[in-house]
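Take a look at the structure below.
Just the heavy atoms: all of them, side chains too, but no hydrogens, waters or symmetry mates, feed the values below. Nothing fancy with the numbering, it's 1 onward along the sequence.
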Amino acid sequence: MVQIKLRERSAIIQSLLAGVVPKVGLQHIQVGRKDEINAIITDLDRIIDDGATIRFIVGRYGSGKSFFLNLSRLVALEKKFVVVQADITPDRRLHATGGQAKALYTELMHSMATRAKPEGRGLPSVIERWISDLDHRLRQEGKSDEEIIRAIHHELRPLQDFVSGYDFASVLGRYYEGFQRGDDALTASALRWLSGEYETKGEARDDLGVRTIIKDQNIYDYLKLWAAFVRMAGYAGLIVSLDEMGVLSHRLNSTQARNANYEMLLRIVNDCLQGSVSGIGFIFAGTDEFLADSRRGIASYEALASRLRENEFAINGLIDTSGPVIKLNNLTAEDLFVLFHNIRNVFAKGDPSQYLLPDDGLIQFMGYCSNVLGAEFYQTPRDAVKKFVGLLSVLEQNPGTKWEELLSGPSSKMYTDESKDEKASCRDDDLVTFRL
């Protein structure tokens, strides 16, 4: 019996009830996706081995894309990666000229997570880990503060091959100065620069003595710079996770703006597939339309579409995860049963004696959802999960309530009424004979 912490239980229940993915405790409810997760693990191992990877996670609304991204994030954190994550919006995108790309970069930096800081806001800890290790080593050699600042530039010399690598090292030196002197304003200015929050070069020069700032045009270059730095700081690499990619295809009305973002995607795809970068992995998630729409989606941009085309032999249930695109297939009835079983276990805090619903209740609930949601029940589990969490919440808050009564409405009788059609009867037989 695995005990579930109250904090994890609360986060999982509240998130699922709202139809969003919990950021903690995913291991308690994860089902299926074995091949897909193994593909991500293979990607992470490739990055550790000085490579770079890119993945497009594609599926219908509610098919589990965000869940898969968060699960991939947890796996990466366990393997000592630094993870940055954000949602694409019209005001946060890969390419822009009005500050939207820089806004995406800033959001990514604010979300920076490590195994020690899984909730995000880990940018200071990543910097301080590297600086403290360097400081400890040089202090033992009798070095002064000034010598340590010079050593920071020396240690970061490999980064000078990247865009603004010299200024990056200078800002880290200023951060160290502020940290040593207790100058919170200086350390805050350094973090502000590293997060891309300076609007003018003059302001950055006055505060930090650097001549460049992060702009729309160079956010990808800075992500590559961060990938190199976090490896120097002792991490396995950098994972960049972006959800809601469909915003680029279906919420940007300008063809020019869409194509500019696709051009940036093409640059990232080429760099990762051709080995031009290292220590970094990208995971993008979007709907089927984002990938396949020939008028607005990636399919409309031939140079990119040709690189993401599916394997023509992966048909009739066969899978191929060697390419950049991973399509999330529908969960099976067995997967859904296990998912509901796991959610029931979360409500009981891992104690089977506290289950609010027996296995027979799980089966009848699946019949209820199958009748109410139809095919959507198997294609997009989000609505069914929300309904199930709602059912357990009512049972928990109203002791003595019979679950049979709650599931005995007109929409749930397909498992008790022999007059229902043959399709429903066949599905009923499958569920009745299923065993966990």
Side-chain angles (χ1 to χ4, degrees), residues 47-50 52 76-84 105 108-118 120-198 204-205 207-214 221-240 277-281:
I47 296 169
I48 292 173
D49 197 29
D50 242 5
L77 292 178
E78 284 300 312
K79 284 183 167 285
K80 298 184 179 179
F81 279 81
V82 174
V83 181
V84 292
Y105 175 86
L108 289 172
M109 292 300 105
H110 288 171
S111 74
M112 186 175 287
T114 64
R115 189 162 63 172
K117 288 274 191 178
R121 299 287 175 179
L123 177 60
S125 65
V126 170
I127 298 170
E128 288 168 14
R129 171 175 173 168
W130 182 80
I131 288 179
S132 62
D133 288 345
L134 180 64
D135 180 80
H136 177 72
R137 173 163 56 87
L138 296 180
R139 292 290 181 191
Q140 289 184 324
E141 298 174 6
K143 302 294 185 181
S144 65
D145 289 352
E146 291 75 14
E147 289 174 312
I148 293 175
I149 293 172
R150 288 196 295 271
I152 288 175
H153 283 276
H154 177 75
E155 293 286 330
L156 294 178
R157 187 174 297 170
L159 299 184
Q160 293 184 15
D161 293 335
F162 294 85
V163 172
S164 296
Y166 183 83
D167 282 344
F168 187 89
S170 298
V171 171
L172 289 181
R174 298 291 282 166
Y175 184 92
Y176 176 79
E177 290 179 43
F179 184 80
Q180 288 298 105
R181 299 202 308 251
D183 188 341
D184 293 338
L186 185 55
T187 57
S189 295
L191 290 175
R192 184 182 168 201
W193 188 91
L194 293 167
S195 298
E197 297 180 59
Y198 273 98
R205 184 174 59 250
D207 291 346
L208 299 167
V210 294
R211 297 178 178 275
T212 62
I213 59 173
I214 297 163
D221 296 312
Y222 274 94
L223 290 175
K224 292 189 289 185
L225 178 58
W226 273 108
F229 173 73
V230 299
R231 286 167 66 85
M232 294 177 65
Y235 296 96
L238 178 70
I239 299 297
V240 181
V277 293
S278 64
I280 192 169

_Counting only heavy atoms from other residues, nucleotides and ligands, does the tally under 6.0 Å from OH of Y222 exceed 12?_
yes

_By the ring-ring contact (aromatic ring centres under 6.0 Å, His included) test, which pairs, at least two apart or in different chains, include something from residues 140-165?_
H153-Y166

*Which atoms form the tightest heavy-atom contact between S164 and L225, and what is the distance?*
O-CD2, 4.3 Å

*Is there side-chain contact between R174 and W193, with heavy atoms separated by less than 4.5 Å?*
no

*Enclosure of R137 CZ (heavy-atom neighbours >12, cutoff 6.0 Å)*: yes

*asked:* List the residues meeting side-chain hydrogen bond (donor to acceptor under 3.5 Å, both in side chains) with Y176, not counting sequence neighbours, and say none if there are none.
replied: D135, R139

*Mind listing the closest non-hydrogen atom pair of A233 and V126 along with its distance?*
CB-O, 4.3 Å

*Minimal non-hydrogen separation, K117 against S125, with atom names*: CG-OG, 3.8 Å

*Within a strict 4.5 Å, meaning less than it, do heavy atoms of the L159 and M232 side chains meet?*
yes

*Has the side chain of S195 got a donor or acceptor atom that lies under 3.5 Å from a matching backbone atom of R192?*
no

*Side-chain contact, heavy-atom cut-off 4.5 Å: F229 with L238?*
no

*Among L194, L223, L191, find the one that has a side-chain contact (heavy atoms from CB on, under 4.5 Å) with M109.*
L223

*Taking C-beta and beyond as the side chain, do I149 and E177 meet within less than 4.5 Å on heavy atoms?*
yes

*How long is the span from the CD atom in E197 to the OG atom in S189, to the nearest 0.5 Å?*
10.5 Å

*R121 CZ to H110 NE2 distance, which is reported to the nearest 0.5 Å*: 5.0 Å

*asked:* Using every non-hydrogen atom in the two residues, find where A204 and T212 come nearest and quote the distance to one decimal.
replied: CB-O, 4.4 Å

*State, yes or no, whether a side-chain contact exists between R150 and K143 at a heavy-atom distance under 4.5 Å.*
no

*Which residues satisfy the side-chain hydrogen bond (donor to acceptor under 3.5 Å, both in side chains) test with Y198, sequence neighbours excluded?*
D207

*Can you check whether I214 reaches F168 side chain to side chain, under 4.5 Å on heavy atoms?*
no

*Taking only residues two or more places apart in sequence, or in another chain, which ones meet R231 in a side-chain hydrogen bond (donor to acceptor under 3.5 Å, both in side chains)?*
D50

*State, to 0.1 Å, how close I47 and G237 come at their nearest heavy-atom pair, and which atoms those are.*
CG2-CA, 4.5 Å

*Is W226 close to L123 at the side-chain level, that is, under 4.5 Å between some pair of heavy atoms?*
yes

*Compare all side-chain heavy atoms of F179 with those of I127 and state whether any distance is below 4.5 angstrom.*
no

*Report the residues that fulfil side-chain hydrogen bond (donor to acceptor under 3.5 Å, both in side chains) with E128, sequence neighbours left out, ordered by chain and then residue number.*
Y175

*Residue list, side-chain contact (heavy atoms from CB on, under 4.5 Å) with A113, at least two apart or on another chain*: R73, L77

*Rounded to the nearest 0.5 Å, what's the gap from CG on L208 to CD1 on I213? Could you check?*
11.5 Å

_Heavy-atom closest contact (A227 atom, G279 atom, distance)_ = CB-O, 3.6 Å

